[in-house]
Amino acid sequence: MSFNDELVKRFEQMAQMLELTGANPFRVNAHARAARTIDELTSDLREIAGDAKALIAIPGIGKGIAEKIAEFADTGKIGEHLDLLAEVPAGLLRVLEVPGLGPKKVALLWKDLGVEDIDGLKRVIADDSILGLPRMGKKTVENLSASIAFMESSGERLHLGIAAPIAEAIVERMGSVRGVTRAAFAGSLRRGRETIGDIDVLVCTTDPDGAREAFTSMDGVTEVLARGESKSSVRLSLEGIDHARWGGDGSSQVQVDLRIVPEGSWGAALMYFSGSKEHNVRLRERAQKQGLTLNEYGLYPVAEGDDGDEPPQKRGVKAKAAKTEEDIYAALGLAWVPPEIREDRGELELEQTPRLIEVGDIRAELHAHTTASDGSMSLEELVAEAKARKLHTIAVTDHSKSSAQAGGLDEKRLRAQREQIEALRETTKGIEILYGCEVDILGDGSLDFDDDFLAELDVVVASPHVALSQEPTKATARLLKAIENPCVHVLGHPTGRLINRRQGLEPAMDEIIAAAVEHDVALEINAHWMRLDLRDTHVRAAVAAGAKIAIDCDDHAPRDFDNLVYGVLTGRRGWLTPELCVNTWTKSRLHKWLRSKRA
DNA sequence: GCCGTTTTCGGCCCGACTGTTTTCAGTCG
């Protein structure tokens, strides 16, 4: 684990343990925010751990947190963290994750009943001693039992690529319910986050009862958690979802929330439920400074003498803006912010809405496999699929010889494939076929072929596939060596991570980015939803440094081309504009750049 | 614990829902 990740883990734990010991909630939040801030950094904090001024310059890190970072750099531990670990039972943090249990109740369970872990919780449920706690009745305990079962069957957040099709299907179904005039999903899914905790669906309807009924009786609903005036919640079984595609060891259920919102508040509700929470907090603070208050119904003026007991929409106050997101941002003096960048990462300082990359901008694919290695498409099928997707260029990049398990090609087989490609070019119109290879970056950073051979290829995508748990300094040196190779065009899935499954390499990303700029190598956003590698924060740093980005689907089958949307979402989350993305370039510009590495 | 073109002290976003209450605490997002 990298230095930064070690800190993230400690500050997250400290936030939870402080919460359980009844600390000032703002202090709790400060630790949680520090964890989040550090998690998003692309530079190694160890480098500046001794420089208090530099640490404090990072938003969210003040004197107290900076001291703890320095302490950790010096001693490998944080005294207060150890004190808390000694005080709070380790298993209690897991109890805190049970839906329906918050810090107050967990603290009571711990102090009054001696609960220290999930088993302890199950025990006090089984012997009914839990019923002796205040505000803990039969119904609450029933819900707790169901929550424990839910938690044990749904360990981790859902992949974007699993959740998005489910949400689209729900939106389509809700949109066809009588009386429903609008339906959309919001939440982290709309922001394109790589994983999704739950699915939020918004509707406007003239028949709330009908919408509620249709929602709670959908196919796959295993449990109805709430059925209120404006909000309903269900748990949905993922049985029938193609688990084989993603390993099948993840969640088997997902929570889905339905919000019924007034037509006139659509924009406010969409904004509110799209988040992120941090973005919303910033917006509400901004509203407050302007004498306004923002909630999910609209942006309202705060009149003199408001006691704040009743929200403005209930007192008949007329909203300053509510109908569309654009109206609300404008009323706050802001440009509309695309959902993907609503993360409180500086987006509220934008003078105008940035032109982020879109799926329609992509005109070339530089990373695709055929049956020659581990793909399911023949060369002809791959090219036909790419042509059907209106691309001007498709690069054939099967694995290299070291990837034996994937049927990697050696020099001889690649040269034979080249003849095949040249023959196919003769009979194919409307698309350029490039002869390339996804070349293994070996553990020491050398490539699977010598430079003379690499120079024969139109496109070289260099990717790590083995030794993915090597230590950060080695990983950095390894990737730098690959980038410095003059024949390499694209650094493929740079960290080799698999979301929820494998951490992958943890190189000093700012060094990798700087080298990519210097050596004119494009960094890949691998669009497969298991990878999304580079991840959003890496893209943001790369974009800021002016590095070229390649968004590639790493196609193995025709449907893999559909993953493009997830790669684009990740690019958008990294503030990527079309200009920096080589896949958006015209044919002549792209090919000129590729050839520039063959001089 | 962080932060500051009103502040270095005193703030720190807002509402819905549930279950347990008889006016609301706790949780969630």
Side-chain angles (χ1 to χ4, degrees), chain A residues 11 14-15 18-19 23-37 55-69 80 96-109 131 133-144 146-147 186-191 196-202 212 224-233 255-261 265 268-269 271-300 302 306 308-315 344:
Chain A
F11 286 129
M14 288 180 74
L18 284 167
E19 209 168 19
N24 176 347
F26 299 106
R27 205 170 145 234
V28 171
N29 188 42
H31 283 81
R33 185 177 175 206
R36 178 175 168 265
T37 300
L55 287 176
I56 290 172
I58 302 170
I61 295 180
K63 188 159 167 284
I65 299 281
E67 278 170 8
K68 294 188 176 97
I69 294 171
E80 195 184 346
L96 197 52
E97 288 170 18
V98 177
L101 283 184
K104 297 273 168 55
K105 281 183 178 162
V106 174
L108 269 180
L109 284 163
L131 292 169
L133 294 180
R135 306 188 69 88
M136 191 64 86
K138 225 171 162 195
K139 182 73 182 159
T140 307
V141 175
E142 265 174 40
N143 290 345
L144 270 184
S147 289
S188 51
L189 196 55
R190 181 166 180 241
R191 302 201 313 280
I196 303 305
D198 59 13
I199 296 173
D200 297 298
V201 175
L202 269 56
R212 196 157 35 233
V224 178
L225 301 169
R227 198 197 307 252
E229 208 39 41
S230 63
K231 175 189 167 179
S232 297
S233 268
Q255 181 170 328
V256 188
D257 295 340
L258 177 77
R259 313 278 176 162
I260 298 173
V261 310
S265 294
M271 235 169 112
Y272 186 86
F273 292 111
S274 293
S276 67
K277 190 168 181 250
E278 292 77 10
H279 177 84
N280 286 348
V281 169
R282 291 279 164 270
L283 285 179
R284 290 196 287 266
E285 284 172 356
R286 190 181 172 99
Q288 211 176 34
K289 280 182 191 145
Q290 299 178 15
L292 303 167
T293 179
L294 177 63
N295 62 28
E296 59 262 55
Y297 295 95
L299 180 67
Y300 297 89
V302 179
D306 278 357
D309 266 4
E310 273 230 285
Q313 71 276 4
K314 289 205 173 157
R315 285 174 298 157
D344 187 24

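Since the structure is predicted, the reported quantities are computational estimates derived from the model, not experimental observations. In what follows, every chain begins at residue 1, and chains take the letters A, B, ... in the order their sequences are listed. Atom set for the values below is all heavy atoms of this structure, side chains included, hydrogens, waters and symmetry mates excluded.
Side-chain atoms of D344(A) and V281(A), non-hydrogen and from C-beta on, never get closer than 4.5 Å to each other. You'll find the side chain of K277(A) stays beyond 4.5 Å of the side chain of S188(A), heavy atoms only. Between Y272(A) and D200(A), every side-chain heavy-atom pair lies at or beyond the 4.5 Å cut-off.
In plain terms, the two heavy atoms of I56(A) and K63(A) that are nearest each other are CD1-CA, 4.0 Å.
Taking atom CG of N143(A) as the reference point, atom C1' of dT18(B) lies 8 Å away to the nearest angstrom. The CG-P distance, from N29(A) to dC12(B), rounds to 13 Å in whole Å. We find that CD1 of I260(A) is positioned 16 Å from C1' of dG15(B), with the value rounded to whole Å. When rounded to the nearest whole Å, the span between CG of D344(A) and P of dC3(B) equals 11 Å. dC12(B) atom P lies 19 Å from atom CZ of R286(A), rounded to whole Å. In this structure, R27(A) places its CZ atom 17 Å from C1' of dG10(B), rounding to the nearest Å. Residue E285(A) contributes atom CD, which lies 10 Å from atom P of dG4(B) at whole-angstrom precision. A straight line from CD1 of I58(A) to C1' of dG1(B) spans 16 Å, rounded to a whole angstrom.
Only the C1' atoms considered, dG15(B) is 25 Å distant from dG10(B), to the nearest whole Å. Across the C1' atoms, dC9(B) and dC14(B) are found 25 Å apart, a figure rounded to whole Å. Atom C1' of dT8(B) sits at a distance of 14 Å from the matching atom of dG1(B), rounded to the whole Å. dA16(B) sits 26 Å from dG11(B) when the C1' atoms are compared, rounded to a whole Å. Rounded to the nearest Å, the gap between the C1' atom of dC12(B) and that of dT7(B) is 13 Å. Comparing the same atom, P, in dG29(B) and in dT23(B) gives a spacing of 29 Å after rounding to whole Å.
Within the nucleic acid shown, G60(A) comes within 4.0 Å of sugar-phosphate atoms alone, with no base atom in reach, counting heavy atoms only. When heavy atoms are screened at a 4.0 angstrom cut-off, K289(A) is found touching no nucleic acid atom at all. Backbone-only engagement by R227(A) is indicated by non-hydrogen atom pairs under 4.0 Å involving sugar-phosphate atoms exclusively. At a threshold of 4.0 angstrom between heavy atoms, the contacts of L294(A) are confined to the sugar-phosphate backbone, with no base atom among them. Counting any heavy atom pair closer than 4.0 Å across all strands shown, T293(A) reaches sugar-phosphate atoms only and no base atom. Using a 4.0 Å heavy-atom criterion, one finds that N280(A) contacts no nucleic acid atom at all.
In this structure, S265(A) contributes its side chain and A268(A) its backbone to no donor-acceptor pair below 3.5 Å. Between the side chain of S147(A) and the backbone N or O of P99(A), at least one donor-acceptor pair lies under 3.5 Å. A donor-acceptor pair under 3.5 Å is absent between the side-chain atoms of R212(A) and the main chain of S230(A), judged by distance alone.
The side chain of Q288(A) lies closest to dC12(B), out of dC12(B), dC2(B), dT20(B). Closest approach to the S230(A) side chain among dA16(B), dG1(B), dC2(B) is made by dA16(B) (side chain taken as heavy atoms from C-beta onward). Relative to the side chain of A226(A), the nucleotides dC17(B), dG1(B), dC14(B) differ in distance, and dC17(B) lies closest.
For T140(A), a side-chain nitrogen or oxygen approaches OP1 or OP2 of dT20(B) to under 4.0 Å. Phosphate contact (OP1/OP2 of dG1(B), side-chain N/O of K68(A), threshold under 4.0 Å): present.
Where N295(A) and P59(A) each meet DNA chain B at their nearest nucleotide, the meeting point lying more 5' is that of P59(A).
One finds no salt bridge joining R191(A) and E278(A) here, because no Lys/Arg side-chain nitrogen approaches an Asp/Glu carboxylate oxygen to under 4.0 Å.
dT8(B) makes up no base pair with any nucleotide shown, lacking Watson-Crick or G-U wobble contacts both under 3.5 Å.
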Once each nucleotide of nucleotides 21-29 of chain B is scored for protein heavy atoms under 4.0 Å, what B/S/- sequence comes out, 5' to 3'? ---BBSSSB
Check the pair F273(A), R190(A) against side-chain contact (heavy atoms from CB on, under 4.5 Å), reporting the backbone distance first and the verdict last. CA-CA 10 Å; F273(A) 292 111; R190(A) 181 166 180 241; over 6 Å; no
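Judged by centroid separation below 5.5 Å and plane tilt below 30°, F26(A) does not stack onto the base of dC2(B).
Nucleotide dT6(B) carries an anti base; the chi torsion (O4'-C1'-N9-C4 or O4'-C1'-N1-C2) is more than 90° from 0.
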